[in-house]
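Read the structure below first, then the notes.
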There are 2 protein chains.
Amino acid sequence: MTRTGRPRSQQADEAILEATRQALVDLGWGGLTMSDVAARAGVAKTTLYRRWANKNELVVDAVAALFDELRLPDRGSLRADIEGVVLQFGRLLERPETKTALMAVVAESTGDEALRCRIREAIVDRQKHLVIAGRRHAQDRGELPPDDGADPTAEIDLIFDVIAGAVVHRVLVSGESVDGAWAAALAALILGGLAGTVA
Amino acid sequence: MTRTGRPRSQQADEAILEATRQALVDLGWGGLTMSDVAARAGVAKTTLYRRWANKNELVVDAVAALFDELRLPDRGSLRADIEGVVLQFGRLLERPETKTALMAVVAESTGDEALRCRIREAIVDRQKHLVIAGRRHAQDRGELPPDDGADPTAEIDLIFDVIAGAVVHRVLVSGESVDGAWAAALAALILGGLAGTVA
DNA sequence: GAGTTACGCTACGACTCGTAGCGAAAGAGC
DNA sequence: GCTCTTTCGCTACGAGTCGTAGCGTAACTC
């Protein structure tokens with residue numbers, strides 16, 4: 001089913017997404033306008049609306065592309081894996097375009113189920129896979145017990161919410177940076193609990 | 001210095017804040033307009049602008065009032081205190097007006113230092129006090145060692161980011177509710193780490 | 001070539017923002 | 001009572017944005 005007619009410019013797609021990210025840095029979420037993005041991308045405003053229904057979906061796609069770079073290299077221990085993911089996620093979140101956009105689209109998604117699904121697929125699931133992979137590596141190494149038949153979903157979700165939530169909260173709400181010392185402290189807390197860090 | 005002239009209507013203030021919260025529930029952040037809030041509150045639009053410079057500050061104040069209800073009753077153990085705070089914060093965050101507004105103003109604050117300060121005073125510090133109080137209670141009970149001269153700020157900040165971040169992430173990003181079981185699991189993780197929950 | 005689709009451009013109605021100007025209302029001080 | 005001061009509701013306004021429609025042209029397939 002080769003489509004007939006003039007094909008959509010792939011180049012325009014990337015120019016628009018890049019222009020969206022740049023506009024977010026310069027203007028923030030509230031200041032971003034479709035006209036401005038179109039002008040930056042060297043594209044007509046109508047071209048934007050032919051591909052994205054509204055501002056929210058455009059920004060989700062523009063930001064989601066940034067999450068492609070998340071990886072989990074096996075660093076040899078569960079502790080090192082956690083620190084690596086925390087640092088990686090922190091660096092990603094400290095970039096101005098990510099910082100501004102992520103919370104805004106999440107906020108907008110609270111009343112928009114379609115947008116929520118789009119975020120889940122494009123961003124959340126991509127992070128959760130890191131937790132699942134890290135857990136499997138740790139089990140292979142014997143650092144964590146293998147699945148005992150119980151459903152591990154709840155545990156995975158908890159770890160995911162704790163790690164991602166802590167990083168997001170540190171960067172966006174507390175407004176401080178995620179450095180090596182903080183990543184180490186968080187990893188220690190997750191592994192050993194308060195007893196482990198304090199004692 | 002008693003101010004002369006007609007005093008500002010305190011009643012109007014509360015009507016506006018309540019109308020703002022209700023409008024957030026009905027319309028979401030993007031759909032909320034100053035005209036609509038004014039109409040709901042039975043107030044002229046100009047009256048809004050005489051008290052709040054723009055939409056962001058109005059919403060911050062409207063939402064901040066909800067955080068007044070956060071308390072830390074001494075429940076007898078560190079574990080119970082953590083579970084109580086988590087449940088309390090979770091219930092607050094699951095309310096539609098909080099859910100929608102909190103992330104939006106945080107997102108907007110990434111490019112607005114004044115707004116960031118306002119959020120810190122009105123919302124963040126109010127939560128952090130709970131962590132500080134809980135830590136002191138635990139020290140009084142002997143569950144945690146007393147301060148050994150080292151600055152406990154970093155540890156408090158970490159615990160704060162982990163608890164608040166996890167709850168926020170669970171509710172707003174993962175989109176699931178904070179129930180007793182989850183609160184217990186989170187408390188167990190914080191106290192004993194992965195070793196404690198798994199083994 | 002013929003047919004189909006995407007493109008840039010312009011214009012448009014509906015809406016929101018934030019401000020200005022007006023007369024009336026509500027208090028404080030004499 | 002009266003005056004002064006500030007807030008109030010109302011209307012109107014310019015500027016800006018959204019998302020859409022219509023047009024002629026460009027690009028690609030068969």
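By convention in this document, chain letters (A, B, ...) are assigned in the order of the sequence lines, proteins followed by strands, and residues within each chain are numbered from 1.
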task: Kindly say whether, by distance alone, the side chain of B:Arg50 makes a donor-acceptor pair under 3.5 Å with the base of D:dG9?
output: yes

query: Do B:Leu186 and A:Ile156 belong together in a cluster built from hydrophobic side chains that touch within less than 4.5 Å?
result: yes

message: Does D:dT7 have its OP1 or OP2 closer than 4.0 Å to a side-chain nitrogen or oxygen of B:Thr47?
response: no

Atom CD of B:Glu69: over 12 foreign heavy atoms under 6.0 Å: yes

field: Short N-O contact, B:Asp157 and A:Arg170, less than 4.0 angstrom
entry: no

query: To the nearest Å, how far apart are B:Ile16 CD1 and D:dG9 P?
result: 8 Å

statement: Of the candidates C:dT16, C:dG8, C:dC7, the side chain of A:Val43 sits closest to C:dG8

field: A:Ala44 side chain, from C-beta outward: closest of D:dT20, C:dA26, C:dC9
entry: C:dC9

- prompt: Which nucleotide in the list C:dG27, D:dG19, C:dG8 gets nearest to the side chain of A:Asn54?
  reply: D:dG19

message: Between D:dT6 and B:Arg6, counting only base atoms on the nucleotide and side-chain atoms on the residue, is there a donor-acceptor pair under 3.5 Å?
response: no

task: Look at the side-chain N and O atoms of A:Arg8 and state whether any lies under 4.0 Å from the OP1 or OP2 oxygen of C:dA6.
output: yes

message: I want to verify a distance call: between D:dG9, D:dG19, C:dC17, whose nearest atom is closest to the A:Lys45 side chain?
response: D:dG19

query: If you look at every strand shown and take non-hydrogen atoms under 4.0 Å, does B:Thr46 touch a base, only sugar-phosphate, or nothing?
result: base

task: Rounded to the nearest angstrom, tell me the gap between atom CG in A:Leu58 and atom P in D:dC18.
output: 11 Å

message: Regarding B:Gly42, tell me which of base, sugar-phosphate or nothing describes its non-hydrogen contacts under 4.0 Å with the strands shown.
response: sugar-phosphate

task: Apply the side chain to side chain donor-acceptor pair (under 3.5 Å) test between A:Trp52 and each candidate in A:Thr47, A:Thr20, A:Asp61; give the one that qualifies.
output: A:Asp61

- prompt: Rounded to whole angstroms, how far apart are OH on B:Tyr49 and P on D:dG9?
  reply: 15 Å

- request: When you get a sec, tell me which of C:dC17, C:dG3, D:dC18 is the closest nucleotide to the side chain of A:Thr4?
  value: C:dG3

